[in-house]
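The figures that follow rest on heavy atoms only: side chains count, while hydrogens, waters and symmetry mates do not. Count residues from 1 along the sequence.
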Amino acid sequence: MKDGWAITRKEREARQTISGRELVVESLKLPKDSVLGASIVTVTGNTDAFVENYKGIIEYTSEVILLQGKTCKIEICGKRLSIVYYTNEDMKISGFIERVSYFM
């Protein structure tokens with residue numbers, strides 16, 4: 001396909017694979033964040049981010065905050081980033097947020 005929209009066979013197979021647990025959650029219309037432990041990232045404008053359901057902080061600088069989610073890693077990039085507060089379950093990040101990325 002054109003314009004970078006092509007996906008590899010491996011990516012296509014990964015998207016098609018749904019675990020039994022995910023299938024039950026989907027069929028019963030249960031909230032994924034509660035049942036599967038999926039992380040929730042809420043960004044307000046480009047200055048604040050609220051992250052729920054994370055496991056730990058991997059990297060913390062004024063330009064990159066890398067978090068280990070329960071199912072993936074979450075990277076927040078920007079300038080003058082700081083963690084305003086954090087608990088075992090959630091955190092608030094402030095600064096100039098340029099990008100939020102998710103990867104395995």
Q: To the nearest 0.5 Å, what is the distance between NZ on Lys73 and OG on Ser39?
A: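 These two atoms lie 12.5 Å from each other.
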Q: Listing request: all salt bridge (charged side-chain N to carboxylate O under 4.0 Å, His left out) pairs with a residue in residues 78-93, at least two apart in sequence or in separate chains.
A: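 Those involving residues 78-93 are Lys79-Glu98.
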Q: About how many Å separate CZ of Phe96 and CG of Asn46, when rounded to the nearest 0.5 Å?
A: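 Reported value, rounded in 0.5 Å steps: 5.0 Å.
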Q: Can you confirm whether more than 12 heavy atoms, excluding those of Tyr60, are under 6.0 Å from its OH atom?
A: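 Correct, the count exceeds 12.
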Q: So if I apply the side chain to side chain contact (heavy atoms under 4.5 Å, CB included) rule between Ile65 and each of Ile83, Ile74, Val51, Ile58, which one comes out positive?
A: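 By the side chain to side chain contact (heavy atoms under 4.5 Å, CB included) criterion, Ile65 pairs with just one of Ile83, Ile74, Val51, Ile58: Ile83.
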Q: Check whether any side-chain N or O of Ser82 sits under 3.5 Å from a backbone N or O of Val84 as a donor-acceptor pair, and report yes or no.
A: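 It does not hold such a pair.
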Q: Using 0.5 Å steps for rounding, measure from the CG atom of Leu81 to the OG1 atom of Thr47.
A: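 Nearest 0.5 Å value for the CG-OG1 distance: 11.0 Å.
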Q: If we only count heavy atoms from C-beta on, is the Glu59 to Glu75 side-chain gap below 4.5 Å?
A: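 Result no, sub-4.5 Å side-chain heavy-atom pair not found.
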Q: Kindly give the heavy-atom pair with the smallest separation between Leu67 and Met91, and that separation in Å.
A: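 Minimum heavy-atom separation between Leu67 and Met91: CD2-CE, 3.7 Å.
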Q: Taking the side chain as every heavy atom from C-beta outward, state whether Lys70 and Tyr54 have any atom pair closer than 4.5 Å.
A: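 No, their side chains stay 4.5 Å or more apart.
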Q: With a 4.5 Å cut-off on side-chain heavy-atom distances among I, L, V, M, F, W and Y, is there a chain of contacts connecting Phe50 to Ile76?
A: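 They do not share one cluster, since no chain of ILVMFWY contacts under 4.5 Å joins Phe50 to Ile76.
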Q: Among the clusters formed by ILVMFWY side chains lying less than 4.5 Å apart, do Leu66 and Ile93 turn up in the same one?
A: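 No, Leu66 and Ile93 fall in different hydrophobic clusters.
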Q: Locate the shortest heavy-atom distance separating Gly69 from Lys55; write the atom from each residue and the value.
A: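 Scanning both residues, the minimum pair turns out to be O-CD, 3.5 Å.
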Q: Using modelled atom types and a 3.5 Å cut-off, is there a donor and acceptor pairing between side-chain atoms of Asp48 and backbone atoms of Ser94?
A: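 Answer holds: no.
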Q: Answer yes if Val100 and Ile57 sit in the same cluster of Ile, Leu, Val, Met, Phe, Trp and Tyr residues linked by side chain heavy atoms under 4.5 Å apart, and no otherwise.
A: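 In one cluster: yes.
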